There are 2 protein chains.
Amino acid sequence: MIGGWEDIRAEVLRRISTQEWPAGVLIPTEEALAQEFGCARATVSRALRELAQAGVVERRRKAGTRVAVLPVRRATLEIPVIRQEVQARGQAHGFQLLRAERLAPPVPVASRLGLAAQDPLWYLETLHLADGQPFVFETRWLNPAILPAVMPDFTALSVNEWLVKNVSYASGDIAFSAAGATAREAEVLGVAAGAALFITERSTWRAEAAITFVRLAHAPGYRVQTVV
Amino acid sequence: MIGGWEDIRAEVLRRISTQEWPAGVLIPTEEALAQEFGCARATVSRALRELAQAGVVERRRKAGTRVAVLPVRRATLEIPVIRQEVQARGQAHGFQLLRAERLAPPVPVASRLGLAAQDPLWYLETLHLADGQPFVFETRWLNPAILPAVMPDFTALSVNEWLVKNVSYASGDIAFSAAGATAREAEVLGVAAGAALFITERSTWRAEAAITFVRLAHAPGYRVQTVV
DNA sequence: CTCGGCATTATGTGCAGACATAATATCTTC
DNA sequence: GAAGATATTATGTCTGCACATAATGCCGAG
């Protein structure tokens, strides 16, 4: 059967991709489309809202809906927990806590978390393994204020997973980049110094309070992939 | 004022992040929540649908809504056109078409596009500049079947932009990785061979027909960033 | 006890109507 | 003609109702 909001979304997308409605032009109002398709305005609204979320059209009150001039495609990436990512490849996950100490953070880290550089934070180095091979080297700065009185045993449960279980659904930002392996990264991952590594950096807050900053140096060959 | 779907979403998120509703448990039905918040079921439904899209809860008919056990965060990346990306930094965009010829694609490219390796494709090399400095080196394989009889003038309009204007809103996939600069990439970008480069690879289809495969080698320092 | 069909139930979608909101367009005044 | 007040209008949201859909879990036949 036809007429659902998904069909309407598909039809509108078709008219846009065939240039029937070229980039930049106003498309008919919800009411006009509802009449054309013989459905309620809410149904058209739902379809157009989804297209707006995908970046295909831009909507503004009173101004109407227009085809996006610059098709800024939005891709959604899934950011899984490392253990899960390893297991999804059919490999066994393991990890070693290489270092855990209190240190004053370097200035870039402190500023990114919005903390004074003198405040000592927990500094943790963890190496994650896939089938015993180095998979990703995690260096993490952790705000001690968010930890309970007794420090959890991070040799048994990875910091990552402790965090998602205990301070989950915080907000933050992620950045991806490439960098040559530092001496330490080369040593731990077993690659040559300067080898191209995929780097994920993530900082996390909860209600204005900084929680953690983590840098993941992935072993060579790592890719992050998604469909558009 | 309170009571909108965004407030309900926030309240549900609060109950989840404070473990009032721990991971894995069923939360009350839409109807129950609607009664509690004194609103219509559709309003609760809207809030929960958004949370499901964000990966915070999982919903199944009849089974109900439960807090996601493994918080697979979803981050949305914006994939702009290169010119726009350069201009957003306040820099001037320019580009040079370095090569344009018909070649049989190497096997990995052909297989990724689902074409026979013998079919010659267009092979295009473009260097994008930001304020005259190398910004990204684009190597592209283009299916000639989708081009018009007369080849567009890609020295005036970048291939990228010709594509988004003419075969926009196709589907495809994107992958990010890191790799050492090849000899050619090092030469064109003006970096040392083996320098760590951020690589974006993208293949595009339209209705089962392969359109293009493009590899972007970004100049050092490039980051892709988003909020969660 | 096991297997298969059926009733139950929470979500998914749709409709018609209403009011809120924001931005544009128009009108008024100087 | 320019600046500010006002009317208009398309989208944003909500309500209350209805039916569709897909699992679940119960129940009965074997």
Side-chain angles (χ1 to χ4, degrees), chain A residues 1-16 20-70 72 74 76, chain B residues 1-16 20-70 72 74 76:
Chain A
M1 209 49 195
I2 62 161
W5 68 268
E6 289 187 288
D7 296 294
I8 293 176
R9 179 184 58 180
E11 172 60 14
V12 171
L13 189 56
R14 190 192 64 74
R15 293 188 187 179
I16 290 173
E20 196 170 326
W21 290 340
V25 305
L26 276 175
I27 73 174
T29 68
E30 293 186 345
E31 202 144 2
L33 288 174
Q35 204 155 3
E36 179 192 342
F37 293 126
C39 67
R41 183 172 79 94
T43 308
V44 174
S45 191
R46 174 80 188 271
L48 293 182
R49 191 200 315 143
E50 300 275 333
L51 286 172
Q53 273 183 356
V56 175
V57 298
E58 288 165 4
R59 322 192 70 197
R60 267 162 54 222
R61 278 179 166 133
K62 163 73 180 176
T65 302
R66 62 179 64 241
V67 180
V69 216
L70 35 98
V72 190
R74 294 198 181 93
T76 63
Chain B
M1 207 53 193
I2 62 163
W5 67 268
E6 288 186 291
D7 296 295
I8 294 176
R9 180 185 57 180
E11 172 61 15
V12 171
L13 189 56
R14 190 192 64 75
R15 293 187 187 178
I16 290 173
E20 195 171 325
W21 291 340
V25 305
L26 277 175
I27 74 174
T29 68
E30 293 185 347
E31 202 144 3
L33 289 174
Q35 204 156 4
E36 179 191 343
F37 293 125
C39 67
R41 183 171 80 93
T43 307
V44 174
S45 190
R46 173 80 189 270
L48 293 182
R49 192 199 316 142
E50 299 275 332
L51 287 173
Q53 272 183 356
V56 175
V57 298
E58 287 165 6
R59 322 192 69 198
R60 267 161 54 221
R61 279 178 166 134
K62 162 73 179 176
T65 302
R66 63 179 65 241
V67 181
V69 216
L70 36 98
V72 190
R74 294 198 182 91
T76 64

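Everything numeric here is computed off the predicted structure, so don't read it as measured data. Chain A is the first sequence line, chain B the second, and so forth, proteins listed ahead of strands; every chain is numbered from 1.
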Task: Selection from dT13(C), dT15(D), dG12(D) that lies nearest to any side-chain heavy atom of Cys39(B) - done: dT15(D)
Task: Nearest-angstrom distance from the residue atom CD1 of Ile8(A) to P of dT13(C) - done: 13 Å
Task: Side-chain donor/acceptor of Arg41(A) to base of dG17(C), under 3.5 Å - done: no
TODO: Report the distance from atom CD of Gln53(A) to atom C1' of dT11(D), rounded to the nearest whole Å.
DONE: 15 Å
Open item on the list: Please pick, from dA23(C), dC19(D), dT15(D), the nucleotide with the shortest atom-to-atom distance to any side-chain atom of Thr43(B).
Closed with: dT15(D)
Task: Interatomic distance where CZ belongs to Arg60(B) and C1' belongs to dA22(D) [whole Å] - done: 10 Å
Task: Residue Arg61(A), side-chain heavy atoms: nucleotide from dT11(C), dT15(D), dG12(D) that is nearest - done: dG12(D)
- [ ] Measure from CD on Glu58(A) to P on dT11(D) and round the result to the nearest Å.
- [x] 14 Å
Task: Side chain Arg74(B), main chain Gln53(B), donor-acceptor under 3.5 Å - done: yes
Task: Atom pair distance, as rounded to whole Å: CD in Glu6(B) and P in dA20(C) - done: 18 Å
Task: Separation of atom CD in Glu50(B) from atom C1' in dG12(C), rounded to whole Å - done: 15 Å
- [ ] Report the nucleotide, chosen from dA22(C), dG16(D), dG14(C), that has the shortest atom-to-atom distance to any side-chain atom of Ala40(B).
- [x] dG16(D)
TODO: Please determine which of Arg49(A), Glu58(A), Arg59(A) meets the side-chain hydrogen bond (donor to acceptor under 3.5 Å, both in side chains) test together with Thr65(A).
DONE: Arg59(A)
- [ ] Examine dT9(D): is either OP1 or OP2 under 4.0 Å from a nitrogen or oxygen in the side chain of Thr29(A)? Give yes or no.
- [x] no
TODO: Starting from C1' on dC14(D), measure out to CZ on Arg46(A) and report it in whole angstrom.
DONE: 15 Å
- [ ] Drop me the distance from Glu30(A)'s CD to Cys39(A)'s SG, to the nearest 0.5 angstrom.
- [x] 10.0 Å
TODO: Between Leu48(A) and Ala42(A), name the one whose nearest nucleotide on DNA chain D is closer to the 5' end.
DONE: Leu48(A)
Open item on the list: Classify Arg49(A) by what it touches in the nucleic acid, base, sugar-phosphate, or nothing, heavy-atom distance under 4.0 Å.
Closed with: nothing
- [ ] Grab the CZ-P distance between Arg59(B) and dA23(D) for me, whole Å please.
- [x] 14 Å
TODO: Decide if atom CD of Gln35(B) counts as having more than 12 heavy atoms of other residues, nucleotides or ligands within a radius under 6.0 Å.
DONE: no
Open item on the list: From C-beta outward on Lys62(A), which listed nucleotide comes closest to its side chain: dT9(C), dG12(C), dA10(D)?
Closed with: dA10(D)
- [ ] Take Ile16(B) and Val56(B), measure what side chain to side chain contact (heavy atoms under 4.5 Å, CB included) needs, and give me the verdict at the end.
- [x] CA-CA 9 Å; Ile16(B) 290 173; Val56(B) 175; 3.8 Å; yes
